[in-house]
Structures are given as structure tokens and as C-alpha cells.
Amino acid sequence: MTNETAADPHLSGYHDVTTRIAKAAADVGRDPAAVTLVAVSKTHGEEAILPVIEAGQRVFGENKVQEAKGKWPALRERFPDIELRLIGPLQSNKAGDAVALFDVIESVDREKIARELAKEMKKQERAPRLYVQVNTGEEEQKAGIPPKEAVAFVARCREEHGLAIEGLMCIPPADENPGPHFALLRKLAEDAGLAKLSMGMSGDFETAVEMGATSVRVGSAIFGARDYG
Ligand SMILES: *Cc1c(COP(=O)(O)O)cnc(C)c1O
């Protein structure tokens, strides 16, 4: 068992990440169980994902609806307790597929998406949990609602679309210290009365845990580098 684990590069990354999350949480007096690891499996096939499922991981993240639709239904049939999260930008014409497939959608970031999701959730009688994505770095090319509009947007989701928002999500600019972005997201969540914070990736998840992340989205540190071929 131990030898098998050590021989599988995917699993050594996985175990390293779970250990580091637990340590980062303990360092600031947080319960490690209060931090959900979202294993980001985008670009990876079943052969890479299966060992991680078999090691006990149950929460996975994908950034493209189409890709997830291709590989997850079969896996979920075998492992019905898997939780699947959409962490990438959502086009309104994919809202129906997203509602059908995902348990959590972390990229609600504009009025049109809120409206489409509300419509699809009603139609399909399914209610994925929802996060609002905030563009904390106000980067032009990046998805997410601007920070100064975030609290009002959460309120509008609730009041105008009947959507219960669970938390906020951010992806800090790649070339900046993530700390101030995590702090901003936490402040906005407090202002909006939300308890959940999705922040932290392979390069900065320990910082995110120390700053209050309730979920971290980790891909390459678990699965290795992505090959976009
Ligand atoms: C790909 C991706 C991640 C994981 O990135 P890594 O650096 O590989 O850990 C996290 N969040 C989002 C939104 C992503 O698209």
C-alpha cells in the first residue's frame, strides 16, 4: 500500500497538498476540516483522476463545461458521492448544461448569467450551490465582477433572481502578491454576509488557508503540469 502510493507521482502530489493544507490551517489555529480541497482536473483524463478518487478525494474542479461533460458522467456513475465544481467562466448558452452537471458553480459574475441560471434551476429543479467570482485585480481580460460592485450584485442575485449565493471566489493576478487579494475577498464576503471563500491555487494555497479560505482549488500541485498540446 505504502509502496504503491510512493510509486504514483499523482498520489505523492495529492498527499503533499493535503498535508500542507492541514499544516497551514493548524499554524493559524484553524480546523483543517474547515478547508475543502478542490482537485482541479482540467486537461487530465480518467487515468490521472482515478487514483486520486481512489485515494479518497471527492471534490473536483473543471473550468470548461464541454470538457467536464465529456469525462465526468461516467466517473460519477461509479462514484456517486463526487462533488463537481465549475471554476471557469460560464457562457449563458451553457447555463443549462452547467446546472445539469455541476454541484457547485463558482463563476457567477454578471446579471445575464444570474438570470440564465435562475431560469435553468427552476426548469431542471436542480439547485447547484453558487459562488460569485470577483475580479479582485480588476484585470480587463479576467472574468469576475468588479470589487466595488460585488456586494450589490450578491444582493441582486438574491432579491431579483432568487439565487442563494454561498460564497465568493477570486483568481488574483498571476504576477502579484496574492495576500491583498485574499484579504479583499474576505472583506467583501463579510460585507455581503457570506461565509465561504474559494481562494488559493497551487502556488499560494497555504497563504489562502492562513487568510481564511474555506476551499482551495489546486491543479498542477496534484496532477503535475498541464499539457495543452
Ligand atoms: C486551473 C485553475 C486552478 C488550478 O490552478 P493550479 O495553478 O494548477 O493549481 C484554480 N482555479 C481556477 C479558476 C483554474 O482555472
Side-chain angles (χ1 to χ4, degrees), residues 9-21 24 35-45 48-49 51-52 57 59-72 83-91 94 98 101-110 113 128-145 147 150 166-179 181-182 184-186 189 196-229:
H10 297 118
L11 285 189
S12 71
Y14 174 64
H15 290 305
D16 179 54
V17 168
T18 57
T19 305
R20 285 164 60 195
I21 290 171
V35 182
T36 300
L37 169 60
V38 181
V40 178
S41 49
K42 65 190 186 195
T43 78
H44 296 287
I49 297 172
V52 178
Q57 177 65 22
V59 184
F60 289 85
E62 290 283 343
N63 71 332
K64 294 200 171 104
V65 175
Q66 211 58 29
E67 181 185 340
K69 221 177 139 179
K71 68 188 183 196
W72 279 101
E83 177 183 303
L84 201 55
R85 297 189 174 208
L86 178 63
I87 59 170
L90 179 58
Q91 264 80 54
K94 297 269 169 61
L101 183 61
F102 290 95
D103 304 295
V104 180
I105 296 173
E106 298 203 4
S107 46
V108 182
D109 68 348
R110 57 195 190 278
I113 288 298
R129 289 143 51 208
L130 304 174
Y131 284 62
V132 165
Q133 180 174 352
V134 183
N135 188 358
T136 57
E138 305 194 51
E139 295 171 279
E140 217 156 281
Q141 80 287 3
K142 199 167 269 175
I145 190 112
E166 180 172 293
L168 300 182
M169 179 269 237
C170 77
I171 311 169
D175 55 353
E176 282 183 33
N177 174 5
H181 296 275
F182 296 158
L184 173 59
L185 196 72
R186 181 177 179 158
K196 300 286 175 131
L197 291 170
S198 170
M199 57 190 199
M201 304 171 31
S202 289
D204 54 22
F205 66 85
E206 287 149 307
T207 305
V209 168
E210 287 163 14
M211 296 186 68
T214 56
S215 59
V216 293
R217 310 176 308 268
V218 181
S220 44
I222 295 175
F223 294 103
R226 284 180 290 274
D227 178 5
Y228 286 98

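We count ligands from 1, going down the list as the structure has it; atoms in each ligand are counted the same way. Hydrogens, waters and symmetry mates are skipped; everything else that's a heavy atom, side chains included, is used. All of these numbers come straight from a predicted model, not from anything done at the bench.
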Considering all heavy atoms, the nearest V38-G61 contact: CG1-N, 3.5 Å

Identify the protein heavy atom lying closest to atom 2 (C) of ligand 1, giving its residue, its atom name and the separation to 0.1 Å. K42 NZ, 2.6 Å

Identify, for atom 5 (O) of ligand 1, the protein heavy atom at the shortest distance, and state residue, atom and that distance. M201 CE, 3.5 Å

Need the ligand 1 atom indices (1-based, order shown) with element for anything under 4.0 Å from a heavy-atom of [X].
{"X": "V218", "value": "9 (O)"}
{"X": "R217", "value": "4 (C), 9 (O), 10 (C), 11 (N), 12 (C), 13 (C)"}
{"X": "S202", "value": "6 (P), 7 (O), 8 (O), 9 (O)"}

Any non-hydrogen side-chain atom of [X] less than 4.5 Å from a side-chain atom of [Y]?
{"X": "M201", "Y": "V40", "result": "no"}
{"X": "F102", "Y": "E62", "result": "yes"}
{"X": "K94", "Y": "Q66", "result": "yes"}

Are any of the N/O atoms in I87 less than 3.5 Å from those in ligand 1? no

So for R226 against ligand 1, with non-hydrogen atoms under 4.0 Å, the contacting part is side chain

Geometric class of the F223/H44 ring pair [parallel <30°, tilted 30-60°, perpendicular >60°]: parallel

Are the charged groups of E67 and K64 less than 4.0 angstrom apart, N to O? no

